[in-house]
A.B. asks: 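Shown below is the structure under consideration.
Worth saying up front: this structure is predicted, and the values here are computed from it rather than measured.
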Amino acid sequence: MRFFDEDNHQFEWTMALLSLAAILYVGSFVVLRNQNSHPCEADGCAYQWVDFPKGPVRILYAPLIAFDERLTEDRYSKDD
C-alpha cells in the first residue's frame, strides 16, 4: 500500500501542510526577532542587538538564528 494515492491528493495535502508549517515557523521567528531588536547604542554601529528569548524557544529557533547571524550584521544575546 502506498502513502500517496493515484491522483496525488494526499501528496498535495502533505505539501500544503508542510508549506504552511514552514511559513508559520519562519514567520514566528521574524516576529520574535523584530520584537526583541534594539539599535546599537555606540556611535557608528552598523548592527542591531537582538535579545532573543532563552530556553526551549532558543533551541527551537537555533537554525534560523545561526542563518540570520550569517546574513545580517545583527548580534544575538548568548544563551547562558
A.B. asks: Taking all non-hydrogen atoms of both residues into account, name the closest pair between Phe52 and Ile65 and its distance.
C.D. replies: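 Phe52 and Ile65 have their closest heavy atoms at CD2-CD1, 3.6 Å.
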A.B. asks: Drop me the distance from Asp68's CG to Tyr61's OH, to the nearest 0.5 angstrom.
C.D. replies: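 Nearest 0.5 Å value for the CG-OH distance: 13.0 Å.
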A.B. asks: Do Val57 and Val50 sit in one hydrophobic cluster, given that two such residues count as connected whenever their side-chain heavy atoms are within less than 4.5 Å of each other, even indirectly?
C.D. replies: yes
A.B. asks: Once rounded to the nearest 0.5 Å, what's the spacing between atom OG of Ser28 and atom CG of Leu64?
C.D. replies: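 Ser28 OG to Leu64 CG: 8.5 Å, rounded to 0.5 Å.
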A.B. asks: Check whether Ile59 and Leu32 end up in the same hydrophobic cluster, where Ile, Leu, Val, Met, Phe, Trp and Tyr are linked by side-chain heavy atoms less than 4.5 Å apart.
C.D. replies: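 The answer is no; the residues belong to distinct hydrophobic clusters.
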A.B. asks: Please check if the number of heavy atoms outside Tyr25 that lie under 6.0 Å from its OH is greater than 12.
C.D. replies: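 Yes, because the 6.0 Å sphere around OH of Tyr25 holds more than 12 heavy atoms from other groups.
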A.B. asks: Do Trp13 and Phe11 sit in one hydrophobic cluster, given that two such residues count as connected whenever their side-chain heavy atoms are within less than 4.5 Å of each other, even indirectly?
C.D. replies: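 They do not share one cluster, since no chain of ILVMFWY contacts under 4.5 Å joins Trp13 to Phe11.
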A.B. asks: Between Asp51 and Tyr76, does any side-chain donor sit less than 3.5 Å from a side-chain acceptor?
C.D. replies: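 No - no donor-acceptor pair under 3.5 Å links their side chains.
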A.B. asks: What distance separates Leu71 CG from Phe67 CZ, expressed to the nearest 0.5 Å?
C.D. replies: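 Output value for this atom pair is 4.0 Å.
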